Amino acid sequence: MKALVIGGGLVGAACADALARHSALNGQRVRVTVLEPGPVGGGATAAGMGHLVVMDDSPAQLALTARSLHLWEALAPALPRQADYHGCGTLWVASDDGELAAVEPKRRAYLAAGREATWLDAAELARAEPNLRPGLAGALRVPGDSVVYAPVVAQFLLERAGAAVRRGAVTELRDGGVRLASGETLRADLVVVANGIGAVSLLPDLPLRQRKGHLLITERGPVHVRHQLVELGYLKSAHGGDEDSVAFNVQPRPTGQLLIGSSRQFEQPDREIDWLLLRRMLRRAAEFLPALEQIAALRIWTGQRCATPDHLPLIGPHPELDGVFLATGHEGLGITTALGTAELLSAQVFGTPSGLLQYDFTPARFDRVPEPAHA
Amino acid sequence: MTAEWEAVVVGAGPAGLMAALTAAQGGLRVLLLDAQPAAGGQIWRGAAAGQRGKAGELLRGVASHAGITVLSGAEVIAAEAGGQSHTLTVSAEAGLSHIHAARVILATGATERFLPFDGWTLPGVVGAGGLQAMSKGGLDLRGVRVVVAGSGPLLLAVAAGLRQKGARVLAVAEQAGLPGVAAFGVAAARLPGKAREALELAAGLRGIPYWTDAALVRANGDGQLQSVTLRRGRREITLACDFLAVGFGLVPETRVAALLGCPVTDAGAVNVNAWQATGVSGIYAAGEVCGIGGVDGALLEGLVAGCAASGQIERLHDSPRRAETQRRFQATLERSFALRPDRLPSPSPATIVCRCEDVRHGQLQGFTNWTAAKLQTRCGMGACQGRVCGPACQTLYGWRFGGVRAPLAPLPLSQLLAEPNTLSPP
């Protein structure tokens, strides 16, 4: 069997790895070629934070993220040191009693999904993260969450898969193959579209939208943080409407640097820094972590998330094109859920078992429930 | 009143000072920006308006011209080209300011190229220009043993300067061959007014061994530089010393130009036409940012850029002829000191190439381009953002250094959190 994976980001690399491992286990030979016009892991994979986080916006999301974290834990011992895998855990920080009230149902949901989660009161939170401002109400601690440097993992998985990586942009999907920018046609039994927002240029009808984000990394500095810190209000920002939004989201890198997010903007396809929105984002972060005022920014960049209307990825067969599978639309969770995505895709292709099959991630779900037409 | 400057000059070295003064004489309202606390640039560092010669004359001219505003200690951290108006964002002690300008003249100069060799991260190994700046800044070098190594005429100037400060310069080791160096000497002596300068330099160097065809092999020491090993022909020589001052020529400082979208040449310099205009409308460049050619070329280019930006065509009557002389000199300079792979240090796999992120030569050898190497190894992702390892990788591996982005210098978050102001003309 010959498989083509479009996209050498972490999702594409994980899919290539899962397809190759299936063949190793079952004696069915799968030759995997990955098509990537740029460097491996150079797109959204490099632009994101690399926060491996369990999220519970929906039962499907909880199942996919929880299963993925489990798969990350299994993968971790094999990862090269440069992957910077670090189990720092997440603190979901509650500003007030209203937010704190939301913590208990969240904690129960995590426990039910097999992920440890504990409750910190205001004093325990202050002890755990002394640099947070005083007066916060408490936090939910999720110790199994981690951080990782994703481009190195993408390269590692491609090498482990023995996948051939070809530098080339795909311009067209065809029955039984793809056409490259060079004009060359490649044939395959299976094509996996895993090039994030780039999928739109191949399949314009997919319900995908770009959602731009800003990130800033600091110098190695005197401000220490132990956990990935996220405000519970993050969920409002992540869901929210179409307007620009920001939320407090800070990650300690193993280098001693801090990675500061997050922002969300629809319909901003450029790479420019929006300095006003950046300031809003940083002010939000400094409200929680006032010591940020003492350190310096080293680099600022933007990236494009690839969002679907229901905040769940598209994983599964294309409704019309034979032999074409999708693995895109992960919005802000592509790094976290790359491994779960690959397991599910492999289960769909080869008919192997996966607990994730009970949730509908297939692209066809949007055809079954037609979206109301937008004005 | 408008918030827009008629011209903003970035960099107050010879080219920038000359461009600012010329443009102001042409009637433009000029803002002169410089990252250092005082004007003069690297070559005229510490120069005072009271002193004789070109530096003093220009500093006096700029200080006394009512049409020029000087902003020192201001680092350009972001820049955006617009059709009619360009925007620079500068970071200074007072915080962030936006500057809008109809014309921008880039005179950002050049930085030293460092190449990694075994032992280059030992304390005591310093940049040649860096040691010169430290000695001008008060570092006591009396009786201190210094070896100067690398390539380019800067090594000679540094050696003479260090000796004047009382240092014992044991040798100047130049990778270029004698024929090239001699050709450069002849070309330099032919430049108007240069013969006397050359004689003075030669007097300052008397008694210092100048070794051409010499390769820097390694710096030796345990936690501190103790000696330097050089290779001349097949023979290795080890000299005990306190400092190794090293530099492999200069690299045009094109980062602001890159943010503005100015095209660069294959040699990494900003591409300009006969009027010092870059490929972006309203943006000029002058001095070493357009190619390494020394102070006289920089002054001439500053004059041309200032005239072109302010429309003083009549002042340029003999500039094509002078520019041609400078260009020939620049070409000889480039040829004479071209880096020769067999005379460059060959680092061991364990030698660090990116000091900020501890990335070693052995980790980088397998990659084919800068971006892929950076993504996989973090090379160039540290505090200097590739300013040191970028040019080194270009020489070592042939990669084109890319990905310049704002902020160009580490930026205090306190400045990003505050509302920026707009710096308007008076």
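Predicted model, so just to flag it, every value in this text is computed and none were measured. Letters A, B, ... are given to chains in the order of the sequence lines, protein chains preceding strands, and every chain is numbered from 1. Below, all heavy atoms of this structure are taken into account, side chains as well, without hydrogens, waters or symmetry copies.
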Exercise for review: Check the surroundings of atom CD in B/Glu93: do more than 12 heavy atoms from other residues, nucleotides or ligands lie under 6.0 Å from it?
Suggested key: no
The reported gap from SG in B/Cys356 to CD in A/Glu219 (rounded to nearest 0.5 angstrom) is 9.5 Å
Honestly, the part of B/Gln376 sitting under 4.5 Å from a heavy atom of chain A is both
When the 4.5 angstrom heavy-atom criterion is applied to A/Ile300 and chain B, the contacting part is both
Checked A/Arg283, A/Arg299, A/Gln155 vs chain B; the most non-hydrogen pairs under 4.5 Å come from A/Arg299
The interface call for B/Gln415 against chain A, heavy-atom contacts under 4.5 Å, is neither
So CG of B/Leu413 and CD1 of A/Ile260: to nearest 0.5 Å the spacing works out to 5.0 Å
Among A/Pro151, A/Gly42, A/Pro39, the residue with the most heavy-atom pairs under 4.5 Å to chain B is A/Pro151
Taking every heavy atom of B/Leu375 against every heavy atom of A/Tyr149, the minimum-distance pair comes out as O-OH, 2.6 Å
| More than 12 heavy atoms of other residues, nucleotides or ligands under 6.0 Å from CD of B/Glu80: is that the case? | no
When the 4.5 angstrom heavy-atom criterion is applied to A/Gln257 and chain B, the contacting part is side chain
Open item on the list: Tell me whether the count of non-hydrogen atoms from other residues, nucleotides or ligands lying under 6.0 Å of CD in B/Gln84 goes above 12.
Closed with: no
Tell me, do B/Arg378 and A/Gln82 make a side-chain contact under 4.5 Å, heavy atoms counted? no
When rounded to the nearest 0.5 Å, the distance separating OG1 of A/Thr255 from CD of B/Glu357 is 6.5 Å
Bottom line for A/Arg271: the part with an atom under 4.5 Å from chain B's heavy atoms is side chain
Kindly indicate, with the supporting measurements, whether the criterion side-chain contact (heavy atoms from CB on, under 4.5 Å) is fulfilled by A/Leu298 and B/Leu411. CA-CA 7 Å; A/Leu298 198 55; B/Leu411 189 59; over 6 Å; no
dist A/Met281:CE -> B/Leu417:CG (nearest 0.5 Å) comes out at 10.5 Å
Under 4.5 Å to a heavy atom of chain A? For B/Ala418 that would be backbone
dist A/Leu276:CG -> B/Glu419:CD (nearest 0.5 Å) comes out at 7.5 Å
Before giving the answer on salt bridge (charged side-chain N to carboxylate O under 4.0 Å, His left out), spell out for B/Arg405 and A/Glu272 the whole-Å C-alpha distance, their side-chain angles and the decisive distance to 0.1 Å. CA-CA 10 Å; B/Arg405 53 188 166 193; A/Glu272 301 302 311; over 6 Å; no
One should read off an interatomic distance between B/Leu416 CG and A/Leu292 CG, to the nearest 0.5 angstrom, of 11.5 Å
Under 4.5 Å to a heavy atom of chain B? For A/Arg220 that would be side chain
Heavy-atom distance under 4.5 Å between the side chains of B/Pro412 and A/Glu293, does that happen here?
no
Most contact-rich option vs chain A, by heavy-atom pairs under 4.5 angstrom, among B/Pro407, B/Ala372, B/Pro420, is B/Pro407
